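Structure, as structure tokens:
Whatever order the structure lists ligands and atoms in, that order sets their numbers, starting from 1. Keep in mind the model is a prediction, meaning the values are calculated, not measured. Below, each value reflects all heavy atoms present in this structure, side chains not excepted, and no hydrogens, waters or symmetry copies.
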Amino acid sequence: MNPALRIRLLMELRRSGVSDTKVLAAIEKVPRELFVAEPFSDQAWDNAALPIGCGQTISQPLVVGLMTQALELDNRPKVLEIGTGSGYQTSVLASLCRRVYTLERHKPLLTQAEARFRLLRLTNIVAMHGDGTKGWVAQAPFDRILITASAAEIPRALLDQLAVGGVLVAPMDTAPERQDVVRVRRTESGFTTESLFPVRFVPLVAGVPEDAG
Ligand code: SAH
């Protein structure tokens, strides 16, 4: 991949508010061309969401940068991600976290993402096919939770699986035709929520597809 394209993207992310150098370094390191289908590989380092099959998209690099930064991943936390998709965001998280647990409801997407994790030798990712709205009870609590699909409410199970002192970042449907990324912090006494920036994500859908596809 042409290094000039990487540099162009990183400069664009910096200009648009990704200031955490560890996050920028993680994005620089993950070969995004491996996460998109062949016809789109020449656009892999564009700041754009692209189709990945099953009606889903790989997130826009700027959104990956801003959401990763919003998670405050110092001290290599244990993270749960909902919506593996292509596995791109998961791979960015993997270089900043002790372990990343990731759930995807579309089996074909999960299978492809797992192959990419093996290829890149990202051994601290644990991926599973399943309904992310239920979280991952056996591995809870999590220091950080990232949801990469949007819903009107954060599923209660995910809030319950967030450690005290933990941070959850997710897109939320805040009005018709509007989504905002929110950051939720769990304190000793409850939860505090702040709204960060507008986004456009595919919906968070409960359950797994009938054909397991
Ligand atoms: N982070 C991904 C993009 C995610 S698109 C990337 O970088 O490529 C959102 C993903 O969330 C889609 O793959 C969609 O299938 C998945 N998803 C939606 N609802 C879900 C649920 N309840 N459980 C698990 N995954 C879900």
Any N/O of G207 closer than 3.5 Å to an N/O of ligand 1? no

List every atom of ligand 1 that sits less than 4.0 Å from any heavy atom of Y88, numbering the atoms from 1 in the order shown and giving each element. 7 (O)

Over 12 non-hydrogen atoms of neighbours within 6.0 angstrom of CD in E153: no

To which of P203, G85, G83 does the heavy atom nearest atom 11 (O) of ligand 1 belong? G83

Nearest protein heavy atom to atom 21 (C) of ligand 1, by residue and atom, and its distance? V205 O, 3.4 Å

Out of V167, L71, V64, T102, which one pairs with L146 under the side chain to side chain contact (heavy atoms under 4.5 Å, CB included) rule? L71

S86 heavy atoms within 4.0 Å reach ligand 1 at atoms 6 (C), 7 (O), 8 (O)

What do you reckon, does T84 put a non-hydrogen atom under 4.0 Å from ligand 1? yes

Starting from atom 14 (C) of ligand 1, what is the nearest protein heavy atom, named by residue and atom, and what distance separates them? Q56 OE1, 3.4 Å

Checking contacts here: is it the side chain or the backbone of C54 that comes within 4.0 Å of ligand 1, counting heavy atoms only? Could be both or neither. neither

How long is the gap from CZ on R76 to CG on D143, to the nearest 0.5 Å? 12.5 Å

Between ligand 1 and A113, can you find any atom pair, the residue atom being a heavy atom, that is separated by under 4.0 Å? no

Can you check which of Q89, R32, E104 brings a heavy atom nearest to atom 15 (O) of ligand 1? E104

Ligand-residue contact atoms, ligand 1 with I58, heavy atoms, under 4.0 Å: 8 (O)

Can you list the atoms of ligand 1 that are under 4.0 Å from a heavy atom of T148? 1 (N), 4 (C), 5 (S), 9 (C)

Please say whether L204 places an N or O atom under 3.5 Å from an N or O atom belonging to ligand 1. no

Atom 23 (N) of ligand 1 [closest protein heavy-atom partner, distance rounded to 0.1 Å]: G132 N, 2.7 Å

Give the residue and atom name of whichever protein heavy atom lies nearest to atom 25 (N) of ligand 1, and the separation in Å to one decimal. R105 N, 3.3 Å

Contact partition for L109 relative to ligand 1, non-hydrogen atoms under 4.0 Å: side chain

Taking heavy atoms and a distance under 4.0 Å, where does T57 meet ligand 1: side chain, backbone, both or neither? backbone

Looking only at heavy atoms, is any part of V202 under 4.0 Å from ligand 1, and if so is it the side chain, the backbone, or both, or is it neither? side chain

Take atom CZ of R200 as the centre, draw a 6.0 Å sphere, and report whether it contains more than 12 heavy atoms from other residues, nucleotides or ligands. yes

Do we see a donor-acceptor contact under 3.5 Å between the side chains of W45 and E33? yes

